[in-house]
Amino acid sequence: MTENTTSTTLHITCGDLTAAHDGRTAMVQGWVNSARDHGDLIFIDVRDRFGVTQTVFDPSIAPEAAALAKTLRSEDVIRVEGRVRRRPAGTENQKIATGEIELAAMQALVLNRSLTPPFPIHGDGDVDETLRMRYRYLDLRRPHMQRNIALRHRAVKTVRDYLDERGFLEIETPMLIKQTPEGARDFLVPSRLHPGEFYALPQSPQLFKQILMVAGFHRYFQIARCFRDEASRADRQPEFTQIDIEMAFPTQDQVIELVEGMLARVFDEALDVQIATPFPRLTYADAMAKYGVDKPDLRFGLELADYGAAFEGTEFKIFASAIAAGKRIIGFVDPGGAARSRREFDALVESALGLGAKGLAWIAFADDGPRSSLPKSALTPQMLDSLTRIGNAKPGDAVLLVADDLVAAQSVAGQLRLHVGAAKGLRDPKRFEFCWVLDFPLFERDAETGAITSMHHPFTAPAPGLEALDGDPLTVRAQHYDVVLNGSEIGSGSIRIHDPELQRRVFRILGYTDEQVHDRFGFLLDAFAYGAPPHGGIAPGVDRLIQMMVGADSIREVIAFPKNQRFQDLMIEAPAPVPPELLRELSLRVDAPRSDAAPKAKV
RNA sequence: GGCGCUGUAGCUCAGUUGGUUAGAGCGCCUGCCUGUCACGCAGGAGGUCGAGGGUUCGAGCCCCUUCAGCGUCGCCA
């Protein structure tokens, strides 16, 4: 048929063929989206990435083509050539961009037949995810996945343009690097040439991007694949992508402004959504006090407050003893909450217990007088007055309170805030509220071992005022910044340490021996000895950002070939055993149950 | 590793207190149909109720074990 195609035939995609081509001879190629056989008139909708074109087959005009059309089924791949014409008046389809015209088929060719797909391709109905993974090529053909992947492309393209315009160089860093004991579990790659030795896949290009600053590249970025062998989640995958950024001689504000501009442009160009800059900035302490988390969801208020003062001298024994024990009473105002029934409050209490609360106290300021989970005798007028003033509660509101150690109380109250906010429909996925969280502690104490560890990583520079390092390390602030969107951390960065002596001091505080430091980070300290510029950067995560932009429930919806919760690729069936010869070549012996003893999931 | 939810036709699901031959919509197959667009109409095929065991006269339903998927906690510098 190609031979028969004259030079005047327009080769065009299904999305591009419009009324502007009325009267022309044209050819479209694509998949059968749907077939409507009316006997002596057959409509075949041809679909490609760009749209759908209705082709019409009339046996009295093109009998061969019409006979072929009768055999077409969903997802067959076809080529149709004919004349473009306006649809008869009244039969236009307003729902699609190409609905004014149709292609009157003269010739048709089946390029490939398709089996009946295991799930519908047109339409975005729910399908079992195992099945979607197994047939990912069909899943990706579906409209919402095509949209998600295209939007991801547009967003990443915008990032590249934006950073290129600002003098950033895109530089690749190695995937085969050295295992270090810090952080997440590494994926290992055995070395054939060095029997018994292993590479690790990078958890991030952190050290390399700092080395690139020492190397004088000044501004670096990379759309970097990172690997972490930790448990999977709806918003986590064993391999994921970051926009890895590093700059020489930056101030914290410069990094922040760069990222704000980048995100604003990405939302504009990929989503046509305007976001306001600069983003609000909170300190870590403020975020914890007002929202109970270091990644606050600013789409709604319900801010936390310390209600301890209202219970000074209370007769309510639980709170009295909590206060005596130095615990805190943290909670928030639930607007209109006085309308909740007893049953609804009980459900809230259950939710709080599920979140780890020891209990939940509630006081409802109802029109006919206060109701409360507290004993009536405990509800003194002063207490009620004090309660309303602390959170600025109004008649008809309720106050929800948990008592615990500061950290636990904030955490539970913060989660309950999200729970109540979600129940009130305040977590609108179409709204995008960014903020920065600053002034993180540099160190924290490991809850299990009691050891001092880096809150983020050991290369983060402490805030100016180094004398603090000589005192209690836990009081030292970090030049660290997190960018947060709707309650999710979407990027984390810092000004780095560039002074080898300071870096050694931090390692010492973390309890590393000189030998450990030399073994793991010797090359970095060596590099710093040759004129390392002050530097810093950030690494926004691509997957979660795109997930939020498209409003998807899972990161897997914006990754072309994701893995399941057990890190399997169900399409290619990875991981898989390898032939014994390969293992021998790698000097490896497998000590695991035979793979046929525990058969893999088959779909 | 813990906990939770789910598993019934190719897909999405219903299935009452344990009781006749397990249903619906979509899809698939056959036929009819000249303006549909998720075309319509008529007919048809299609089931290891995730798997194994148990209780019972009788199990999709109850019990035990197990597998799988997802969610979540631990974990993720």
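Quick caveat, the model's predicted, so the values are computed rather than measured. Chain letters run A, B, ... following the sequence lines, proteins first and then strands; every chain starts at 1.
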(request) Quick one: pull up OG in A:S351 and CG in A:D346 and give me the separation to the nearest 0.5 Å. (result)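 That separation rounds to 11.0 Å.
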(request) Please round to the nearest 0.5 Å and tell me the distance separating atom CG of A:L416 and atom CG of A:L348. (result)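 A:L416 atom CG to A:L348 atom CG measures 6.0 Å (nearest 0.5 Å).
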Checking only heavy atoms, does the side chain of [X] share a donor-acceptor pair with the base of [N] at less than 3.5 Å?
X: A:R556; N: B:G69; value: no
X: A:R73; N: B:C29; value: no
X: A:N93; N: B:C37; value: yes
X: A:R85; N: B:G35; value: yes
X: A:R36; N: B:C33; value: no
X: A:R228; N: B:C76; value: no

Presence of [X] side-chain N/O under 4.0 Å of [N] phosphate oxygens OP1/OP2:
X: A:R233; N: B:C73; answer: yes
X: A:S60; N: B:U34; answer: no
X: A:R87; N: B:G35; answer: no
X: A:R185; N: B:C76; answer: no
X: A:Q568; N: B:G69; answer: yes

(message) A:Y284 and ring-ring contact (aromatic ring centres under 6.0 Å, His included): which single residue from A:F440, A:Y481, A:W436 fits?
(response)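 Exactly one candidate clears the test, A:F440.
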Consider the side chain of [X], meaning its heavy atoms from C-beta on, and name the nucleotide among [options] that approaches it most closely.
X: A:A184; options: B:C73, B:C76, B:G71; result: B:C76
X: A:P88; options: B:G35, B:C28, B:G69; result: B:G35
X: A:E129; options: B:U72, B:A38, B:C70; result: B:C70
X: A:L41; options: B:C70, B:U12, B:G35; result: B:G35
X: A:V127; options: B:U12, B:C28, B:G69; result: B:U12
X: A:E102; options: B:U36, B:U72, B:C39; result: B:U36
X: A:D128; options: B:U12, B:A38, B:G10; result: B:U12
X: A:N564; options: B:C70, B:C37, B:U34; result: B:C70
X: A:D40; options: B:U34, B:C28, B:U12; result: B:U34

Would you mind reading off the distance between [X] atom [atom1] and [N] atom [atom2], rounded to a whole angstrom?
X: A:D186; N: B:C76; atom1: CG; atom2: P; answer: 12 Å
X: A:Q203; N: B:C75; atom1: CD; atom2: P; answer: 16 Å
X: A:R142; N: B:A38; atom1: CZ; atom2: P; answer: 17 Å
X: A:E75; N: B:A38; atom1: CD; atom2: P; answer: 16 Å
X: A:R86; N: B:G35; atom1: CZ; atom2: C1'; answer: 17 Å
X: A:D553; N: B:U6; atom1: CG; atom2: P; answer: 18 Å

Using atom [atom1] of each nucleotide, how far apart are [N] and [M] to the nearest Å?
N: B:G60; M: B:C5; atom1: P; answer: 23 Å
N: B:C57; M: B:G1; atom1: C1'; answer: 44 Å
N: B:C26; M: B:A45; atom1: C1'; answer: 16 Å
N: B:G27; M: B:A38; atom1: P; answer: 12 Å
N: B:G40; M: B:G46; atom1: P; answer: 24 Å
N: B:G23; M: B:U65; atom1: C1'; answer: 30 Å
N: B:G10; M: B:C73; atom1: C1'; answer: 37 Å
N: B:G69; M: B:A22; atom1: P; answer: 31 Å

(request) Taking the six-membered ring for Trp and the single ring otherwise, decide whether the centroids of A:F521 and A:F459 are under 6.0 Å apart. (result)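 Yes - the distance between ring centres of A:F521 and A:F459 falls below the 6.0 Å cut-off.
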(message) Taking the six-membered ring for Trp, are A:F528 and A:H498 closer than 6.0 Å centroid to centroid?
(response)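 So the answer is no for these two rings.
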(message) So is the aromatic ring of A:F119 stacked onto the base of B:C11, judging by whether the centres are under 5.5 Å apart and the planes are under 30° apart?
(response)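 Stacking between A:F119 and B:C11: absent.
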(message) Would you say the base of B:U36 stacks on A:H38 (centre-to-centre below 5.5 Å, plane angle below 30°)?
(response)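 Stacking is absent between B:U36 and A:H38, given that the ring centres and planes do not meet under 5.5 Å and under 30°.
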Answer with base, sugar-phosphate or nothing: what part of the nucleic acid does [X] contact at a heavy-atom distance below 4.0 Å?
X: A:E92; value: base
X: A:A234; value: sugar-phosphate
X: A:P458; value: base

(request) Any side chain to side chain donor-acceptor pair (under 3.5 Å) involving residues 483-495 of chain A? Give me the pairs, sequence neighbours left out, ordered by first then second residue. (result)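 Passing the test, one end in residues 483-495 of chain A: A:H480-A:S492, A:D482-A:S492, A:S494-A:R496.
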(request) For A:T91 and for A:E444, find the nucleotide of RNA chain B with the closest heavy atom, then tell me which residue's nucleotide is more 5'. (result)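 With A:T91 and A:E444 compared, the 5'-side residue is A:T91.
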(request) Name the residue closer to the 5' end of RNA chain B, choosing between A:D235 and A:E230 according to the nucleotide with the nearest heavy atom. (result)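 Result of the comparison: A:D235.
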(message) Could you check whether any side-chain heavy atom of A:R185 comes within less than 4.5 Å of a side-chain heavy atom of A:R228, counting everything from C-beta outward?
(response)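 Side chain of A:R185 against side chain of A:R228, heavy atoms only: no contact under 4.5 Å found.
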(message) Contact between A:M288 and A:D294 at the side-chain level, heavy atoms closer than 4.5 Å - yes or no?
(response)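 In contact.
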